[in-house]
Amino acid sequence: MTNSCSTGSPLLVHFVQFATMVLSRAFAAASLASVVAATPLQPQARQYATSACAEVAASVAGQPATPVPSVDAKLAYDCITSVPLHKDEALHLIEGVVPYFRWQSSTAWLKDPPAEYAEKIQPATDVWGGLEKIKSKVESEEYDNEFEFGFDLYTLLQQTHDGHFVYVPDVVGTVFNWARPVPLVSVSADGKELPKPYVYADVLAESYGNATFTPSAITKINGQKATKYLEDWSQRGSLQDRDALYNNVFYELATVSLGPTGSGIGTFAGSGRGKWVYPGPETKLEFENGTTTTYTNVARVLVSLNGVTDGESLYQKYFSSQATSTIAATPSNSSVATTTASATPSATTTSIPAPGYPPPVYKEQHNLIGGYFLEDDYSDIAVLSVPSFVSIESAEVDFQQVTEKFIVAAKAAGKTKLVIDLSANGGGTILQGYDLYKQLFPKGIGHAAFDRYRAHESTKLLAEYSSRLADVLPRELVDPDVNETKYALESDVIASPSNYLSDLNASDLNFPSWEAKFGPFEHHGDKFSNLFHWNLSDVLTPYNSGGIWVHGYGELANYTSVPQPFANEDIVVVTDGYCASTCTIFSELMRQRQGIKYISLGGRAIKGITQAVGGIKGTNNYPWTYIQYLAELTITNLTASAEEATKLNATELGDYWDNVVFERQAPGTSVNVNFRDGIRDTDETETPLQFVYEPADCRILYTKAMTVDVTAIWKAVADSAFGGESHCVAGSLGGYRTGGRRAKRELTVQDKAMSKRMHAWRRELRAEQYPLDVYTDLKGMDLTRRGIMWP
Ligand SMILES: *[C@@H]1O[C@H](CO)[C@@H](O)[C@H](O)[C@H]1NC(C)=O
Ligand SMILES: *[C@@H]1O[C@H](CO)[C@@H](O)[C@H](O)[C@H]1NC(C)=O
Ligand SMILES: *[C@@H]1O[C@H](CO)[C@@H](O)[C@H](O)[C@H]1NC(C)=O
Ligand SMILES: *[C@@H]1O[C@H](CO)[C@@H](O)[C@H](O)[C@H]1NC(C)=O
Ligand SMILES: *[C@@H]1O[C@H](CO)[C@@H](O)[C@H](O)[C@H]1NC(C)=O
Ligand SMILES: *[C@@H]1O[C@H](CO)[C@@H](O)[C@H](O)[C@H]1NC(C)=O
Ligand SMILES: *[C@@H]1O[C@H](CO)[C@@H](O)[C@H](O)[C@H]1NC(C)=O
Ligand SMILES: *[C@@H]1O[C@H](CO)[C@@H](O)[C@H](O)[C@H]1NC(C)=O
Ligand SMILES: *[C@@H]1O[C@H](CO)[C@@H](O)[C@H](O)[C@H]1NC(C)=O
């Protein structure tokens, strides 16, 4: 334990160590098994040609210099679908997910959603019924192969469109990731006409290459009307809202700027959730000008296939809970190591390319947040671009400081308007969302919607035992280097929402007892805890925030005396709909507490307003590994005697010892439930916010310029919000524009220097700076963040 409380993220560091420990135990067991069960290597390459998997193995062996080899998608599909179903192990896995599904807050609402949700957002889904169906299909041997089963299980969670609810079985994500070699964009010709899809490389060529090149729009994909094809494909994404899902199909500067931790070049080309859906053997594009182009789809091969001769040997090597190769913990092959190595540095070092982003005033090194000024007529505008609320370990302090320094710099430079761009923001550290809001509104109300979680036997026992410990262990920050045990108890038990002394009730007071906080209360045919919200003055805040204090509280309490830096009507927020988790908490604060206007970009080729906040509005995800840790910790460490532990182990809390779900999870994927819902304090129906439809104030369409130069978005937003020209194709920013056209200001020396820099930057833009293959890869990442929807 090297991180101190003030500089790092002790909670998360501690947890990663725990998770690594669990995984290495599994790895040790698996290596032992490999001695017994290893498949003998086939001596001759010729023999490999007898099965699709052998062909893949041979093809990979022929690409030794390639960090991530690839094969034709069809060959990979034939290989993965030749893996026979292992019935007993499949049933074991189905049993294994059950304890974790119970923590999913919204199953009752998903099964029976409000009419407006079902009409405008997504249809009802029955998670428990669906799991039963999968089970009976396994029992009656209706699945032709392991992949059909695994993909069904993956889809059961994915189709809830709750990006916090995710499990990627090994057969879906361990060996292959699919891709189409052609990223697209969807743009309007003039910002008014409905958008059409284009090949992104064509748009780049038009922008930076040949002045005479005019790209032609795609009319059909694989013989189907293009927009219909893309809408159907978009439904494989993680977001809820259909327009947000549609945007996520395409290449986008904000997602690209996040590198491997974002959804890159869009799901169509195999980024984000696109990588787990077989796109067919090829992609045939027909264009308006009559041309047709056909691309061969590909599969990245993520692991060594040494010794793999057929589907069964692939199963034995990677998919069984007794698998002979475990790659979750330690890569066993150099090609795997290279994959990991190529992902990790780009995720943790300074140089993730952010093509189309101008020189920043201040920027966090992984592009999680950046402050920018615009040039010439837009010299009064400051832009805060926030594609993440901290997805990367130990970035919390830097992230907070970028906002602090940028606000000071913007005020000093006389900027009067603020555009906040939340595009691509899947969330991150919850209290960073609060902090950014409080930096902008030092006197603003310090809580968003209420939180609540699902009440069942496991959460009840945690509430009871955590609160029992709370009655004897004072609430205080502990240096992990001084007493690691105490530190673990403080950060994981005392600071947790299970403890009745954490959080505040609806009267802004502590709950008097664990029963008062836990309830349960009945809603919609299910049971839930009482409503509560964060106590931002809590002494244990640093354990929940990655080490920072929220402005206005604790060590930063005096910030309440700072004047609000920008007037409410001088702030506008723009999103691409990809706003989930902590991003939705921040947005709840901005919209409900401050009335800030929201602009949504892009969307389907359909007229009308769209939603700006299109991702899961659950207020906290829980990794399944963390749930397992909490259950085991409660049984082994919060009981007074061995007898009591045995007794507790016989309850539902004893259901978490089996590691099958982790052994059978694709490495480098998130495994989460939505633990807490957000409930608006004015909503008497107490509907979780993800089931509430909320149109944006204004919708702006993407143009070609916006897909190569992000300042084109910011200028359209500034024009629409603060005078000049409205680009809203639906909705309006009404009162915002009463001042008419923004008064042109006399440029200062500083403004002129900035304008010069911007023009120089734009002159230097080249098509080659835009990567056409950004691979979403979370291997080596700390996936334990609690307010994030991972791509
Ligand atoms: C520009 O167009 C000409 C003729 O169509 C072609 O030969 C040339 O390669 C193009 N240049 C670029 C940079 O695309
Ligand atoms: C038609 O448009 C496509 C897509 O922009 C382009 O690749 C192709 O070169 C064009 N064909 C002709 C004949 O102009
Ligand atoms: C890993 O794969 C490479 C080729 O892809 C092979 O040469 C090497 O022997 C493999 N190593 C192990 C440990 O399986
Ligand atoms: C929990 O108990 C185990 C086994 O007795 C011990 O190793 C560990 O340090 C304890 N952890 C905490 C946080 O008390
Ligand atoms: C560490 O904290 C635990 C829990 O409060 C306590 O029981 C133990 O005595 C402490 N250890 C040391 C070395 O202070
Ligand atoms: C909050 O808890 C206090 C006791 O700590 C109680 O007096 C108050 O009524 C509670 N408020 C609500 C809304 O339950
Ligand atoms: C919030 O937490 C602080 C410190 O842990 C505590 O002193 C305070 O009483 C709590 N606030 C409320 C309103 O209970
Ligand atoms: C708040 O307190 C800190 C430390 O005491 C000080 O550095 C800072 O200037 C103060 N800020 C305000 C706004 O008073
Ligand atoms: C709890 O039960 C499981 C078997 O279900 C066993 O593996 C584990 O060791 C038990 N733990 C304790 C503390 O009794």
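Note that ligands are numbered from 1 as they come in the structure, with each ligand's atoms numbered from 1 the same way. Only a predicted model underlies this, so the values are computations on that prediction, with no experimental measurement involved.
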Geometric cation-pi criterion, Lys411 with Phe566: 6.0 Å, 45°: yes
Thr459 and Trp103 side chains, donor-acceptor separation under 3.5 Å: no
Face-on cation placement of Arg680 at Phe450 ring, 6.0 Å and 45° thresholds: no
Part of Asn510 with heavy atoms under 4.0 Å of ligand 6, whether side chain, backbone, both or neither: backbone
Proximal atoms of ligand 2 relative to Asp202 (non-hydrogen, under 4.0 Å): 4 (C), 5 (O)
Enumerated ligand 6 atoms positioned under 4.0 Å from heavy atoms of Ala506: 13 (C)
Heavy-atom check, side chain of Arg454 versus side chain of Phe675, under 4.5 Å: no
Salt bridge flag under 4.0 Å for residues Glu686 and Arg452: yes
Atom NZ of Lys192 with >12 non-hydrogen neighbours under 6.0 angstrom: yes
Salt bridge present between Asp503 and Lys517 (N-O < 4.0 angstrom): yes
Contact atoms of ligand 2, heavy-atom distance to Pro215 under 4.0 Å: 5 (O)
Side chains of Ser502 and Arg475, donor plus acceptor under 3.5 Å: yes
Backbone or side-chain N or O of Thr214 under 3.5 Å from ligand 2 N or O: no
Atom pairs and distances, ligand 8 N/O vs protein N/O under 3.5 Å:
from: ligand 8; atom 1: 2 (O); to: Asn558; atom 2: ND2; distance (Å): 2.3
from: ligand 8; atom 1: 11 (N); to: Asn558; atom 2: ND2; distance (Å): 3.1
from: ligand 8; atom 1: 14 (O); to: Asn558; atom 2: ND2; distance (Å): 3.2

